[in-house]
Amino acid sequence: MTSLTDTLNEAQRRAVEVPGGPLMILAGPGSGKTRVITHRIAHLVQERGIPPWRILAVTFTNKAAREMRERIEVLLGDKATSLTMGTFHSICARLLRREGEAIGLSRDFVIYDTDDQMSLIRTIETELDIDQKRFTPRAILSAISSAKNERRDAASFGCSVDNYFEEIVGRVFERYEAALRRSGAVDFDDLLGRTLELFEKHPEIQHQYAERYLFALVDEFQDTNLVQYQLARALSSVHGNLTVVGDPDQSIYSWRAADIRNLLDFERDFPGATTVLLEQNYRSTGHILRVAHAIISKAEGRPEKDLWTSNPDGERVVEYEATYGEEEAQFIGGEIQRLLRGDRFKTSDIAVMYRTNAQSRAIEEAFIAMGVRYRIVGGTRFYDRREVRDLIAYLRIVHNEYDTVAFDRIVNVPTRGIGETTVNTLIAASVEMGISVLAVAHRAVYGPLGDGVPVLSTRARGAIQGFLEIVESFGAQRDNMSVAQLLDRLLAQVDYRAHLTKTDREHADVRWENVQELRNVAAQYEEVEEDSSLAAFLEEVALVSDVDDPESDTPDAVTLITLHSAKGLEYDVVFMPGMEEGLLPHIRALDDPAQMEEERRICYVGITRARERLYLSRARRRFMYGQVKGNPASRFLRDLPEEDIVSPVGATPRRDSDGLEGRGLRAAAAARRDEDQTEQRAFAPGERVRHHTFGVGTVVGCQPVPGDMQVTVAFQGQGVKKMLQSFARLEPAAEEWA
């Protein structure tokens, strides 16, 4: 029989066979780290005789956990089912369901996702009369999350405020925590923090789980925050067999409180730890890998790790410089069309990766005009769509009558004539009386009144009564019906399809398809999960992350994605536009050395997503955020080795004022456009103009910008476009609309 380790290289085999104790595996991109993790688990079970239920494996996304489990099932068969595997959040959620009552947490707690949190923050800011434009809910929520990741609650935060913003955060934080308690809810940060609280207050519970897990393995350890690090230590505290896998060169989530020191200091915190380097790259060509190494080798304080590959050198990395961002986008579209004319690549093999979402506008417009199919990762997720959130909210209020956010969302969906004032009155009364909002509503309709129960109008009472009858009928049946059956009954009882047609006739059919997909998810969940209860289903849905979106695998389209979201993915062809100071590296990092190091790692992560072709491009001028800016070339381009770089066919290398070789500049076209800038004419509003791609349009506005003229034009069937005349080259047109 073939041994488990026969297909591994020497370093991979060494990592798999380490007998025990703390183990750090430093795995470069494309070095087969998932293969090592899965084979190590299989080795522990088959060769060492470790029962699968005594192994804990932690990943950072549900998608990664599913893929890992599938690989282990190939190696172990049915034995893999008893492994404990999942994200920190999902594992902690299951643990709190079982043990949370020890710290006063009901087994029926609900998990508030970002949308729920934002809704709650907005409500609190309204109650406190806080200016939400000055103190945005997102900024408030980010500050609260950061505090929780540092293990500070509202009380400790309020004792250490240094400025007015923190004072505002402290006031919102206090009410936010109180609202979570009243609603029987936790947020993502609480799942981790309250598990650690449970371990600290009840060491016997910690010991129970640490004793159970003879081996613990944590992937992407460079992305752990303080709480996750402490959880990993706690769960491996009895046997000391903690394996961590990661790459400090790919630590790019400091804004999520990830702390690269957790990996860098592992050997200090775990004396006697074994370290294994995985340096052979199986993903990228030689040219791409050498460019990646040239970038990351300049990073300070990184463990020495030199990626190498036996892959062919392949095509050299293309560096291109455009005059404007629109020209850059058209270059990308043109190169994609050229690549697709051959038989080697499909549209789904190609990705465009950018530092900020705002960069996608010019690329999308170029792709639309050129007929290039694309999809944007990070758009509206399936579980964020209105119709899906409505139905999930119904299930949540059936599951937990204290869920104020869910009540607020669907008490008037479909429309029942329940006004906002009535809803706010009921919620305020539930806070004052210390009972659930459904209990308040029930007493307001059926009595007894008094003791703070609001008096409603006859019409409001009738509308609320209809809603209560629906929720209470489901509450009586929830333990006897599957989630899919509950959804079927709910859809029929509230006539949700008619509601979609009435409120959004144009998109009703698409929204109804999303409803049916949710129903399919519920039915499939019942088939594959041992615990298919309503509580378990709601927990699973709440923990789905961006990369777990059911529609994220849309075929036959070029992927448009941010560099942060691209981590862990790989494509045959990668375009990285915006290689400019202020974009990559981002403007926020220019005066912060630590952030600048992270920007270098972000660049490295993008480059190492590419298997065969890599394009690095920039524009000398770019229209973003309502203005034209001229940015110097990214400092990272200075590190590129000349022998691994090539210019597009027809491009003439030149040296810019910053001393950087502009290898991809189409010199003749650029010179002509530079000359044109001195002759830009203004168009009057209402004047007809012609564009070479969008056809004839009407000028809406025209204003000078440094060295150019910005023209806003309304095109029939194309919408309103803002463009620079030096690039758009608009001409007067007397024709009528086509």
Side-chain angles (χ1 to χ4, degrees), residues 26-30 60-61 220-225 246-264 281 283-284 288-303 305 307 317 319 328 351-360 363 376-378 546-547 559-571 574-610 614-619 622 624 631-640:
L26 296 181
F60 263 75
T61 67
E220 304 287 5
F221 200 67
Q222 78 280 349
D223 294 332
T224 54
N225 59 31
D247 182 4
D249 292 339
Q250 298 185 71
S251 178
I252 61 173
Y253 294 126
S254 63
W255 51 279
R256 291 182 181 171
D259 193 338
I260 190 174
R261 293 173 298 181
N262 293 344
L263 190 62
L264 295 177
N281 178 284
R283 176 186 301 160
S284 304
I288 292 172
L289 206 58
R290 285 193 289 274
V291 166
H293 180 71
I295 295 290
I296 201 61
S297 63
K298 301 294 193 299
E300 297 181 1
R302 62 183 288 268
K305 181 172 84 287
L307 284 184
V317 173
E319 184 186 343
E328 178 190 47
V352 182
M353 302 178 181
Y354 34 77
R355 179 63 178 83
T356 66
N357 281 304
Q359 291 173 250
S360 73
I363 297 167
I376 296 182
V377 174
D546 291 357
V547 294
T559 297
L560 271 58
I561 189 171
T562 66
L563 288 164
H564 279 101
S565 298
K567 186 168 176 290
L569 305 178
E570 56 184 78
Y571 297 88
V574 169
F575 291 84
M576 288 175 58
M579 294 294 297
E580 304 148 28
E581 294 288 296
L583 279 179
L584 185 61
H586 196 276
I587 191 171
R588 290 194 298 266
L590 298 183
D591 297 320
D592 186 332
Q595 286 299 310
M596 183 60 69
E597 289 299 301
E598 181 156 321
E599 293 295 307
R600 182 176 291 277
R601 296 194 293 269
I602 291 170
C603 183
Y604 173 75
V605 165
I607 290 172
T608 54
R609 301 309 95 197
L614 174 65
Y615 294 78
L616 305 175
S617 62
R618 66 182 180 107
R622 189 177 298 277
M624 287 182 66
N631 295 326
S634 170
R635 67 190 66 193
F636 303 142
L637 294 178
R638 295 187 178 94
D639 301 328
L640 303 184

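Computed over heavy atoms, backbone and side chain alike; hydrogens, waters and symmetry mates excluded. Positions are given from 1 along the sequence.
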Quick check: closest heavy atoms across Cys603 and Leu584, and the distance to 0.1 Å? CB-CD2, 4.0 Å
I'd like to check the side chain to side chain donor-acceptor pair (under 3.5 Å) partners of Ser284; sequence neighbours left out, ordered by chain and number. none
Indicate yes or no: does Glu570 engage Arg609 in a salt bridge with an N to O separation below 4.0 Å. no
Please report the shortest heavy-atom distance between Leu263 and Gly246, naming the atom on each side. CD2-C, 3.8 Å
Non-hydrogen atoms of Leu616 and Leu637 that approach each other most closely: CD1-CD2, 4.3 Å
For Tyr571 and Met353: C-alpha separation, side-chain torsions, deciding distance, then whether side chain to side chain contact (heavy atoms under 4.5 Å, CB included) applies. CA-CA 11 Å; Tyr571 297 88; Met353 302 178 181; 3.6 Å; yes
Is there a side chain to side chain contact (heavy atoms under 4.5 Å, CB included) between Leu640 and Val317 once you walk through the steps? CA-CA 10 Å; Leu640 303 184; Val317 173; 5.8 Å; no
Is there a donor-acceptor contact under 3.5 Å from the side chain of Thr608 to the main chain of Tyr604? yes
Closest heavy-atom contact between Ile252 and Asp223? N-OD1, 4.3 Å
Is there any salt bridge (charged side-chain N to carboxylate O under 4.0 Å, His left out) pair reaching into residues 597-607, and which pairs are they, with sequence neighbours excluded? Arg355-Glu599, Glu598-Arg601, Arg600-Asp639
Could you please spell out the steps behind the side chain to side chain contact (heavy atoms under 4.5 Å, CB included) verdict for Val605 and Leu563? CA-CA 7 Å; Val605 165; Leu563 288 164; over 6 Å; no
Testing Leu614, Val352, Ile363 for side-chain contact (heavy atoms from CB on, under 4.5 Å) with Phe575, which one passes? Val352
Results of ring pair (Phe, Tyr, Trp, His ring centres under 6.0 Å) for Tyr354 - residues two or more places apart only: none
Atom CG in Leu307, atom CG in Leu289: separation rounded to 0.5 Å? 5.0 Å
Minimum heavy-atom distance between Leu583 and Gly578, given as atom pair plus value: CB-O, 3.4 Å
Determine the sole option in Arg618, Arg622, Arg635 for which the side chain to side chain donor-acceptor pair (under 3.5 Å) test with Glu580 is passed. Arg622
What residues form a side chain to side chain donor-acceptor pair (under 3.5 Å) with Asp249, not counting sequence neighbours? Arg302, Lys305
Shortest non-hydrogen pair, Asn262 vs Phe221, comes out as O-CE2, 3.2 Å
Can you list the residues that meet the side-chain contact (heavy atoms from CB on, under 4.5 Å) rule with Ala258, with sequence neighbours excluded? Tyr253
Non-hydrogen side-chain atoms of Leu560 and Val377 separated by less than 4.5 Å: no
Contacts of type side chain to side chain donor-acceptor pair (under 3.5 Å), residue Arg290, not counting sequence neighbours: His287, Asp313, Asp644
Pro248 side chain reached by Leu26 side chain, heavy atoms, under 4.5 Å: yes
Just jot down the salt bridge (charged side-chain N to carboxylate O under 4.0 Å, His left out) partners of Asp592, sequence neighbours excluded, or say none. none
Who are the side chain to side chain donor-acceptor pair (under 3.5 Å) partners of Gln222, not counting sequence neighbours? Glu220
Report the C-alpha separation of Val574 and Met576 in whole Å, then their side-chain angles, then the decisive distance to 0.1 Å, and conclude whether the side chain to side chain contact (heavy atoms under 4.5 Å, CB included) test is met. CA-CA 7 Å; Val574 169; Met576 288 175 58; 4.0 Å; yes
Arg261: which residues meet the salt bridge (charged side-chain N to carboxylate O under 4.0 Å, His left out) condition with it, sequence neighbours left out? Asp259
List in chain and number order the residues that pass side-chain contact (heavy atoms from CB on, under 4.5 Å) with Ile587, two or more places apart in sequence or in another chain; answer none if no residue qualifies. Leu590
